[in-house]
Amino acid sequence: MDGSTNSLDDVSAESSTEFPDRLSLMEVRLQAQEDEITLLKSSLADALRKLRLHDQQIPLLKQQLIAVNPAAARVLNQSCYVDGFSKPCRLSTSSLDGFHHTSNSHISNTAENGEGGAKTISSHKPSSSDRCTQTEPWIPDHETLPLALTRAIQSLSLEDALPESIQFIDETPIKLRGEEGDAFEEEMGKDQTWSSIVEESIQPTTIRTLQQQQSKSSEDSQGSCPQTPTSSSPAPPKEPASSPHGGPLSSIREGEKMLVRRNSEKSRDSQDKTKQRLSKKAASSTNLLTRSPSLESRAKDLISSTGSQGSRRGTQSQSIKMFIRGRPITMYIPSNILNYEELRMDLPSQKLELDWVYGYRGRDCRANLYLLPSGEAVYFIACVVVLYHISNQTQRHYQKHTDCVRCLAIHPDKVRVASGQTAGVDKDGKPLQPIVHIWDSKTLVTLQQIGLGTFERGVGAVAFSSSDAGTFLCVIDDSNEHMLSVWDWNKNIKHTEVKNTNEAVLAVDFSPTDTNNIISCGKSHVYFWTMSAGTLTKKQGIFGKYKKPKFVLCFVFSLTGDVLTGDSEGNILTWGKSAADIKTLGKGAKETFQIMKQTRAHEGSVFTMCVLQGGAILSGGGKDRKIIRWSADLAPERECEIPEKFGAVRTIADVDGEELLVGTTRNAILRGTFSDGFVAIVQGHVDEMWGLATHHTQNIFLTCGNDRQVCVWNAEDHKLDWCTTLEESGLCADFSPNGAVVSVGLSTGRWVVLDLQTKEVVSDLTDGNEQLSVMRYSPDGSFLAVGSHDNFIYIYNVTEGGRRYTRFGKCTGHSSFITHLDWSKDGKYVMSNSGDYEILYWDVASGCKLLRNRFESKDRKWASYTCVLGFHVMGVWLEGSDGTDINALCRSHSESMVAVADDFCKVHLFQYPCPKPKAPSYKYEGHGSHVTNVRFTHNDSHLLSMGGKDTCILQWRVKGAGTGDHKEHLASSSSVCSSSSSPENGT
């Protein structure tokens, strides 16, 4: 989309280079058909408007005819006009006697003054063939009508019933409409918002003026009859200025003549003119389709007149158009922009720097929490590896991964770290290759990248060798065969690779005493690998008389050299080598690994095991949530249970032999001891998140999601202030301007209001039975707008400091679910977006009235800007976007920048406003899933972004241009580790 024309050729220009010509041609044809349908809707709306004008004029037209000839009243009463349209009827010849006798007197007085000395026409009664049929009204011949009445009928027009600034152009004879027309007119009411059709009703003052002038004209006509030429055929209609009667009366009479002809089939001249008009209209429509790419231009061609100063004129200088999935969306240019084409889109003066990461991935990953000698805990979430200094409560971040991190390993020197990521896809759907990064935890410098182009789908497990000072790295990928490979990571050389198993593999490690021995475990297996001469051979552990578990979840090496495994049956199995069973297997049988001892450890699975310095062993349970300390010979010594709200034990890291770090399945990291218990130092959501709101005066924010948790965070202390669990999923939220309460919209149409001090529910209401998508308070807090998936926006009056809510009204007009909405700064209007890419404006103060003239809202100031569709944010959309590529955006309070959350795991920062396509932006990586929401804090010091499936909240520090060293990760699918500040041009 370049510029304001947005022709079909422009739309398909880029796609033609990527798709076959045939597909491109089909797209163009489809777009042309959609545009033609839009044009036909516009034409029909115009026709319905004209019919409505005729309907309003019929009573006045009857009065004018009666005033010209009172005898015509009987004919009008018996002719079957109902609201100006015919109705089956029959008229007797006797009913016309009064009409004809009166006509003779008029004819005798005027015949002498007719052109060419026309003779007096005798009275004539119509035969049965002249009578009204069951499908048309009786229309008197001009030979039987009084000449004065004939001339009066010829001069009628509807122009004088319109405001002076509007010219009425009757281009096309319009067919009678039935009940379907009224229903369709209601449906078309919303479609008329994009056209420039003038929809001003007939002014009452105009009607009164016409009636007064008609009364004067009737008094004058009693003394003398107007001079009218006689003719056997009707004279062509004249302009109002040249009418012999002059004034508004002649226009009304001319309009009645047009109405009579529309319902008559006896006038051959009328039929000829009808055909001519239809031909002209068809030609006009064809020309419009071929020459006018914009809907406003087509509407301008349909109605050549312009409305009042506030009406939409639909010119290219006042509006531009963007296309989403082939649908045109009109954006009206504000008045303060004099030359749209000369607008320059620059990068924002601010930049972002990752400040804090909330959350931990414990729900589906193992062995991902370690403690470094520096006092930092190492763990990961989304695409970020976090180094959290426990005592100083500071974070550092390794951000070179391009997709979700799945596994972690620490080098024997306790400095270097290996982290493996999943494959993922880029914004075009192309797969990204999984890779292992080896980096320095002190400097965060990448030392090596292992396996680019070798691994499939992702990296599931990694381990450094121990006996040779960490020379080798073992990697298991997520391919169908779960390939096991051994690398000399310093030289980036793959020593060997072998197929592992088609079953899931959960852990791998080298023997601490022999690099040539590797153990892996997973679903229903434990394998003992031996590396020799560049090849790997495996021996499967034999369970023998013991029950074979469904999963072998973890293993450790005891100080005695035994292998201890924890399984899904809750047992710790001790494995050892046994001599070859020659009696059973015969000569040549090799030694095997068998179970030496079974120890009942936990109720449910044994999720993790850890060996302490003195030889003691720690085990963490799943179902029982217990941490048990065992002696070297597996005698239980101590145990404790972690709180249920944190879930099961996922992994354990030893701090000093007494203090422990515990990662849990509900994405929390706990710190504590057996005697003092455990407290959470890291917490997060455990399911997809959508709701995000920031406080208006404090550095706190709220999140909610499908895990039914509502969490209030402190952005300064980086702590969870409090959390509560609701009965349903929370999808949207907003703080009241006074900061005392917060409203949360749920997935069932229900919404609750929570007191921030007491954490109690102070109000509980329900609107509809579908999920809510937006909660937004007005700037002064007197109203609350609730956007729902039932296509409605519910407006509530707010009283008692945000604790009492009463329904004020309902905004009805969207044809799809509500996605975003914002209030104007004066708190009187609402702007909303819907799922079918519609932009509507509402006058809340006037009773939630839909503003059909969107042109009038172009200069309105908005208290917030979160709507993804609008003139001021049009430049955030990439060319070819399908409408779901942007999930949310937020304008800063300073109105200088806008942050965008897209569907490709990226956060963008644009200049505000950015109304031109291809606007440049900074792009930041970190999320491993679609970014669902973004919000600035109250003073614009930080930006918060929220991932969907990655359950991660990223807090970005906003830094001005030229202040400090920025380390934003400006993304490129081909640049794996980029730390420069190069902009993205948005293409």
Side-chain angles (χ1 to χ4, degrees), residues 354 357 360-361 365-370 372 374 376-388 395-426 431-465 470-479 483-495 508-509 905 924-928 950 952 954 967-980:
L354 186 59
V357 177
Y360 156 77
R361 184 168 180 172
C365 291
R366 305 167 188 277
N368 59 351
L369 176 62
Y370 299 93
L372 299 179
S374 62
E376 293 174 308
V378 183
Y379 59 92
F380 59 78
I381 185 172
C383 302
V384 183
V385 182
V386 181
L387 295 92
Y388 174 52
Q395 282 187 357
R396 295 187 299 140
H397 312 100
Y398 181 76
Q399 298 176 249
K400 301 303 187 298
H401 284 283
T402 57
D403 214 290
C404 287
V405 183
R406 289 287 311 281
C407 54
L408 200 64
I410 305 298
H411 194 272
D413 64 8
K414 304 295 184 181
V415 174
R416 286 170 285 190
V417 179
S419 51
Q421 71 172 58
T422 190
V425 295
D426 62 13
L432 298 174
Q433 294 176 332
I435 196 172
V436 175
H437 289 252
I438 301 175
W439 46 281
D440 191 307
S441 63
K442 293 181 178 180
T443 63
L444 301 181
V445 173
T446 302
L447 305 175
Q448 194 65 266
Q449 297 178 6
I450 299 296
L452 187 64
T454 300
F455 308 130
E456 294 183 20
R457 298 180 184 170
V459 179
V462 291
F464 283 104
S465 59
T471 302
F472 293 99
L473 181 74
C474 182
V475 182
I476 294 181
D477 69 6
D478 288 333
S479 63
M483 301 297 294
L484 187 152
S485 57
V486 177
W487 299 75
D488 185 336
W489 65 267
N490 275 305
K491 301 177 182 179
N492 200 357
I493 297 175
K494 180 169 62 176
H495 269 239
V508 67
D509 202 358
C905 315
Y924 301 90
E925 291 185 341
H927 287 287
D950 64 15
C952 176
L954 300 183
K967 298 179 181 179
E968 60 270 17
H969 188 190
L970 304 182
S972 172
S973 60
S974 60
S975 177
V976 178
C977 45
S978 170
S979 59
S980 63

Taking side-chain contact (heavy atoms from CB on, under 4.5 Å) as the criterion, tell me which of N368, V462, T422 meets it with R406. T422
Approximate separation, where rounding is to 0.5 Å, of E456 CD and D477 CG: 6.0 Å
So CD of E376 and CG of L387: to nearest 0.5 Å the spacing works out to 5.0 Å
Considering all heavy atoms of both residues, which atom of H411 and which atom of G470 are nearest to each other, and what is their separation? NE2-O, 3.1 Å
Nearest heavy-atom neighbours spanning P434 and A423: CD-CB, 3.7 Å
If you measure from NZ on K491 to OG1 on T471, what distance do you get to the nearest 0.5 Å? 9.0 Å
Testing the basics here: between C905 and G928, what is the closest heavy-atom pair and its distance to 0.1 Å? SG-C, 3.8 Å
Can you tell me how far the CG atom of L408 sits from the CZ atom of R361, to the nearest 0.5 Å? 12.5 Å
Please walk me through it: do S441 and Y398 pass side-chain hydrogen bond (donor to acceptor under 3.5 Å, both in side chains)? CA-CA 8 Å; S441 63; Y398 181 76; over 6 Å; no
Just verifying a value: how many Å separate L369 CG and Y360 OH, rounded to the nearest 0.5 Å? 5.5 Å
Just by modelled atom types, is the V386 backbone N or O under 3.5 Å from a matching donor or acceptor in the Q395 side chain? no
Give the minimum heavy-atom separation between W489 and F472, together with the two atoms involved. CD1-C, 4.2 Å
Which heavy atom of V405 sits nearest a heavy atom of V384, and at what distance? CG2-N, 4.4 Å
